[in-house]
Amino acid sequence: MTTIYLAGPEVFLPDAMPIIAEKRRLARQFGFEPTGPGSDENQTPVKLTAAEIYARNDTAMRRAEICLANITPFRGVSADPGTVYEIGFMIALGKSVFAYSNHPDDYGARVRSVWYAGLEIDETSGRPRGPDGIAIENHGMADNLMIDGGVEATGGKVFRAVALPTDPARDLAVYFEALQAIAGMRADDGQLRTGSGRADITPPVSPR
């Protein structure tokens, strides 16, 4: 089975385990062996130190073939910083990286609506700026251009929700869509190609 590293901030949720278990179940339905934070091999009653958690995730990333990262805005307008690190690390390792966001708005729109109460246009550059004079990235991407650009440079794709779900921290519809697309791109030789998903797949089950 193709090993897929599932990056994302779900481990911080109070009901993390059932959500992560459902993500693992869906990954296996599409022929992937999931690894990463909260995955089966990481279930232990012993509390790990920060260094031990880092080492465990480092090992999991190095042995995984694909990364699928949840970049839904977390504690702000952008993705979880740990997840962003993992995306960059996997790209540097030469792995195929994909990402998904449960927020339909692009990064620039989120910054303008959530972070800044006012907006000005720089007369010289034409760039939007907040009332503090700091420029706002405005490339129409799901997050910072280095995240979207890096994912696409590996041959991956960033999947984005059409509308904001009721519970964006837990909704798995776009995650399911991403798995289906990635599975459809796999060829028998392990390369990625365009194709269709399997028919014997059950949709996400709400962990609540």
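Along the sequence shown, residues carry numbers from 1.
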If the test is side chain to side chain contact (heavy atoms under 4.5 Å, CB included), which one of I182, T3, L68, L26 qualifies with F32?
I182

Could you check whether atom CE of M1 has more than 12 heavy atoms from other residues, nucleotides or ligands sitting under 6.0 Å from it?
yes

Do you reckon [X] sits in the same ILVMFWY cluster as [Y], going by side-chain contacts under 4.5 Å, direct or chained?
| X | Y | answer |
| --- | --- | --- |
| V158 | F89 | yes |
| Y54 | I87 | yes |
| V97 | M61 | yes |
| V162 | V174 | no |
| I53 | Y85 | no |

With salt bridge (charged side-chain N to carboxylate O under 4.0 Å, His left out) as the criterion, how do E33 and R28 come out once you've worked through the C-alpha distance, each side chain's angles and the decisive distance to 0.1 Å?
CA-CA 6 Å; E33 182 55 38; R28 291 190 174 108; 3.0 Å; yes

Where do [X] and [Y] come nearest, in terms of heavy atoms and distance?
| X | Y | value |
| --- | --- | --- |
| A142 | R160 | N-NH2, 3.2 Å |
| I91 | T154 | CG1-CG2, 3.7 Å |
| R110 | P73 | NE-CG, 3.3 Å |
| P34 | A27 | CB-CB, 4.2 Å |
| A79 | V84 | CB-CG2, 3.9 Å |
| N102 | P168 | ND2-O, 2.8 Å |

How long is the span from the [atom1] atom in [X] to the [atom2] atom in [Y], to the nearest 0.5 Å?
| X | Y | atom1 | atom2 | value |
| --- | --- | --- | --- | --- |
| E10 | D80 | CD | CG | 9.0 Å |
| L145 | D106 | CG | CG | 12.0 Å |
| L172 | I19 | CG | CD1 | 7.5 Å |
| I147 | M141 | CD1 | CE | 10.5 Å |
| Y100 | K157 | OH | NZ | 15.5 Å |
| S101 | N70 | OG | CG | 7.5 Å |

Report yes or no: is the cationic atom of K23 (NZ for Lys, CZ for Arg) closer than 6.0 Å to the six-membered ring centre of Y175, at no more than 45° off its axis?
yes

Is a side-chain donor-acceptor pair under 3.5 Å present for E137 with Y107?
no

So do the side chains of R75 and P9 get within less than 4.5 Å of each other, counting heavy atoms only?
no

Min side-chain heavy-atom separation L164-P104 under 4.5 Å
yes

Tell me, with the steps shown, if I20 and V11 meet side-chain contact (heavy atoms from CB on, under 4.5 Å).
CA-CA 8 Å; I20 294 172; V11 291; 3.7 Å; yes

Apply the test side-chain contact (heavy atoms from CB on, under 4.5 Å) to residues L179 and Q29: give CA-CA distance (whole Å), side-chain angles for both, the deciding distance (0.1 Å), then the verdict.
CA-CA 9 Å; L179 284 175; Q29 280 197 129; over 6 Å; no

Working note: K95 + Y5, criterion side-chain contact (heavy atoms from CB on, under 4.5 Å); need CA distance, chi angles, decisive distance, verdict.
CA-CA 10 Å; K95 309 298 179 76; Y5 186 90; over 6 Å; no

Full working for ring pair (Phe, Tyr, Trp, His ring centres under 6.0 Å) between F30 and F176:
CA-CA 10 Å; F30 285 103; F176 181 84; 5.4 Å; yes

